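A quick note: this is a predicted structure, and the numbers were derived from the prediction, not measured. Side-chain atoms are counted along with the backbone in the values below, which use heavy atoms only and exclude waters and symmetry mates.
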Amino acid sequence: MSSYFTDLAQQYIDGEWRPGTGSWDIIDFNPYDDEKLASITIATVDEVDQAYRAAARAQKEWADTNPYARRAVFEKALRLVEEREEEIAGAIVAELGGTRLKAAFELHLAKEFLRESVHLALAPEGRILPSPVDGKENRVYREPVGVVGVISPFNFPFLLSLKSVAPALALGNGVVLKPHQNTPVVGGSLVAKIFEDAGLPPGLLNVVITDIAEIGDAFLEHPIPKVISFTGSDEVGRHVATVCASLFKRAVLELGGNSALVVLDDADVDYAVDAAVFSRYVHQGQVCMAANRILVDRAVADEFTEKFVAKVRTLKAGDPRDPETVIGPVINSRQADALTGVVEQALAEGATALVHGGRSDNLVEPSVVTGLPADSALLRQEVFGPVAFLVPFDGEEEAVRLVNDTPYGLSGAVHTGDVERGVRFAKRIDTGMFHVNDGTVHDEPIVPFGGEKHSGVGRLNGDTMLDAFTSTKWISVQHGRSGFPF
């Protein structure tokens, strides 16, 4: 596996694999055992410029390519992912500490999104609209925006890079991808390698592995990209949005969350426990849609809490290569320190730890906390790790108020014996996505994905990809003669 990383530890610019020319290296570590996977010399501002210019040169011919021919590239890319599934899964386990279960989950979704990109190549449709002017024909064309800059995160790097890269390419754009520094291979060069082997023309997709300490805002400010697709924290997302707005660029922002899973008094408690444990602890809780808060009606709170705690205690933490492991390491020591601090802060505020997980390097075991004061900041922020907050409530009105009492609005779930009661509840929540009698962590290729409030701007998936990565152009044709007042 180490040679696999070494082979891909390069920049990919204008169809060439080459080292960066920066003055320092990004060291790619396995977060579980600190094994050095690769050393990558970073890209400079000049290489960001080269990448964008290559994408712009290649894009014009690509946009004119028959969409059926474009589609063939994505069909081949899908076959390659299927053929290389085991080695990609191994890379996910090694580079980001994902468990085998998590790797399978990410690969399943990645393949689904590639399948959707096959169809997306043929999706843009023009329209002819009526005119109040006699003899006039209004044509509305869908055209690629040109070049898209994509910034992907560390938690689902393969999926979340592909999720923007593949649709943008399928719709006739060029792309420059900047993966997270902690996942430069799985989120960056691996994606480039798959598309290179699938026959994507050189220059259309470029990967720059770098750091803002080296390039500042050059990736955002470059004059070529018309759209920046960013997935990450709301703090960084706010900066991306500000820079893009000042330059009249379109920003598609998929940001953090503070989702709640709500258990009403008529819920199937055993099923709700299963959904809540998965929603909080999948991939160590490093998921934007994870259930930070688990809200339980007091009528079932004792039963739920007992069963929830018992199930959490069964979750095996350890080596992500072990198929039995459910909780692997978090991405780095800074994240592990922050999570330890969250639990300590909760206890200092008077909360009780029903499960108080230990820590060994980047391995943070699950914790379950209850009794946080209602005004605690912890209940309103995103906690990116295996710490669950249990919050009792009295009746639906209080539940709605508690769910909405956060700056975020990404996902959520409600459990109830009455589906329509659940739908009515969901409609009252200020969030982009909400699920009845299910978990909070879901993504599907044809449904709009995105958040409200601090959780983002815009949507991805399905038809919304057209809004994200194409523009409309109105061309009118006057078949008769217009009359002019002078």
Exercise for review: Please report the C-alpha distance between L177 and V208 in whole Å, then the side-chain angles of each, then the deciding distance to 0.1 Å, and finally whether the side-chain contact (heavy atoms from CB on, under 4.5 Å) criterion is met.
Suggested key: CA-CA 6 Å; L177 167 63; V208 289; over 6 Å; no
Check your understanding: Are S411 and S259 close enough, and set up right, to give a side-chain hydrogen bond (donor to acceptor under 3.5 Å, both in side chains), and what steps lead you there?
Key -> CA-CA 5 Å; S411 185; S259 300; 4.5 Å; no
Point to revise | Stepwise side-chain contact (heavy atoms from CB on, under 4.5 Å) check, L247 with E221 | key: CA-CA 7 Å; L247 297 169; E221 293 176 342; 4.0 Å; yes
Counting neighbours of [atom1] on [X] that are heavy atoms of other residues, nucleotides or ligands and sit closer than 6.0 Å, is the number greater than 12?
X: I212; atom1: CD1; value: no
X: R380; atom1: CZ; value: yes
X: E235; atom1: CD; value: no
X: D302; atom1: CG; value: no

May I ask you to decide whether [X] forms a salt bridge with [Y], counting only side-chain N to carboxylate O separations under 4.0 Å?
X: E106; Y: K102; answer: yes
X: R459; Y: E452; answer: yes
X: E85; Y: K111; answer: yes
X: R293; Y: D405; answer: no
X: E303; Y: K307; answer: yes

Smallest separation among heavy atoms of [X] and [Y], with atom names:
X: I26; Y: I209; value: CD1-CG2, 3.9 Å
X: V207; Y: A192; value: CG2-CB, 3.7 Å
X: P225; Y: G149; value: CB-N, 4.1 Å
X: L96; Y: N155; value: CD1-O, 3.3 Å
X: G385; Y: R280; value: O-NH2, 2.9 Å
X: F195; Y: V165; value: CE1-CG1, 4.2 Å

Point to revise | Of all pairs that satisfy ring-ring contact (aromatic ring centres under 6.0 Å, His included), the ones with a partner from residues 256-302, not counting sequence neighbours | key: F156-H283, Y271-H415
Contact check, side chains of [X] and [Y], non-hydrogen atoms, under 4.5 Å:
X: V369; Y: L390; result: no
X: T99; Y: V93; result: no
X: E382; Y: C288; result: yes
X: F29; Y: I331; result: no
X: Q335; Y: V364; result: no

Practice item. List in chain and number order the residues that pass side-chain hydrogen bond (donor to acceptor under 3.5 Å, both in side chains) with E95, two or more places apart in sequence or in another chain; answer none if no residue qualifies. Key: none
Practice item. Applying side-chain hydrogen bond (donor to acceptor under 3.5 Å, both in side chains), name anything that partners D438, two or more places apart in sequence or on another chain. Key: H442
Polar side-chain atom of [X] near backbone of [Y] as donor-acceptor pair, under 3.5 Å:
X: N292; Y: Q381; answer: yes
X: E349; Y: A346; answer: no
X: S376; Y: P373; answer: no
X: S246; Y: V243; answer: yes
X: Q284; Y: P386; answer: no
X: T325; Y: P320; answer: no

Practice item. Over 60° means perpendicular and under 30° means parallel, so classify the ring planes of F384 and F154, tilted if in between. Key: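 Ring orientation, 0 to 90° scale: perpendicular.
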Rounded to the nearest 0.5 Å, what's the gap from [atom1] on [X] to [atom2] on [Y]? Could you check?
X: L159; Y: S152; atom1: CG; atom2: OG; value: 10.5 Å
X: L8; Y: Q10; atom1: CG; atom2: CD; value: 8.5 Å
X: L120; Y: L466; atom1: CG; atom2: CG; value: 6.0 Å
X: T352; Y: L347; atom1: OG1; atom2: CG; value: 8.0 Å
X: D46; Y: I215; atom1: CG; atom2: CD1; value: 12.0 Å
X: K178; Y: F230; atom1: NZ; atom2: CZ; value: 8.5 Å

Review point. Can you check side-chain hydrogen bond (donor to acceptor under 3.5 Å, both in side chains) on Y32 and D319, steps first, answer last?
Key: CA-CA 7 Å; Y32 177 68; D319 188 341; 4.6 Å; no
Review point. How far apart are the C-alpha atoms of S471 and R250, what are their side-chain angles, what is the distance that settles it, and do they pass the side-chain hydrogen bond (donor to acceptor under 3.5 Å, both in side chains) test?
Key: CA-CA 11 Å; S471 292; R250 187 185 308 170; 3.2 Å; yes
Exercise for review: Among V145, V175, V147, find the residue that satisfies the side chain to side chain contact (heavy atoms under 4.5 Å, CB included) test when tested with V227.
Suggested key: V145
Point to revise | Partner of Q181 by side chain to side chain donor-acceptor pair (under 3.5 Å), out of T210, D28, N332, D211 | key: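 Of all the options given, the one that passes is D211.
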**Study point:** Any residue meeting side chain to side chain contact (heavy atoms under 4.5 Å, CB included) with E306, in chain and number order, not counting sequence neighbours
**Key:**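 If we apply the side chain to side chain contact (heavy atoms under 4.5 Å, CB included) test to E306, skipping adjacent residues, there are no hits.
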Review point. Who pairs with E324 by side chain to side chain contact (heavy atoms under 4.5 Å, CB included), at least two apart in sequence or on another chain?
Key: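 Expected list: K316, D322.
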**Study point:** Verdict with reasoning, D25 to I42, per side-chain contact (heavy atoms from CB on, under 4.5 Å)
**Key:** CA-CA 6 Å; D25 293 352; I42 62 165; over 6 Å; no
Check your understanding: Can a donor-acceptor pair be found between the side chains of Y408 and D234 at a distance below 3.5 Å?
Key ->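 Side chains of Y408 and D234: pair found under 3.5 Å.
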Practice item. Applying salt bridge (Lys or Arg N to Asp or Glu O under 4.0 Å), name anything that partners E112, two or more places apart in sequence or on another chain. Key: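 Counting only residues at least two positions away or on another chain, E112 forms a salt bridge (Lys or Arg N to Asp or Glu O under 4.0 Å) with R115.
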Exercise for review: Start with the C-alpha gap between K163 and D443, add the side-chain angles, then the distance that decides, and say whether salt bridge (charged side-chain N to carboxylate O under 4.0 Å, His left out) holds.
Suggested key: CA-CA 11 Å; K163 188 173 176 177; D443 196 359; 2.6 Å; yes
Practice item. Kindly indicate, with the supporting measurements, whether the criterion salt bridge (charged side-chain N to carboxylate O under 4.0 Å, His left out) is fulfilled by D266 and R421. Key: CA-CA 10 Å; D266 61 346; R421 179 189 186 190; 3.0 Å; yes
Exercise for review: Evaluate side-chain contact (heavy atoms from CB on, under 4.5 Å) for F113 paired with N461, printing each intermediate quantity in order.
Suggested key: CA-CA 8 Å; F113 277 93; N461 302 1; 3.2 Å; yes
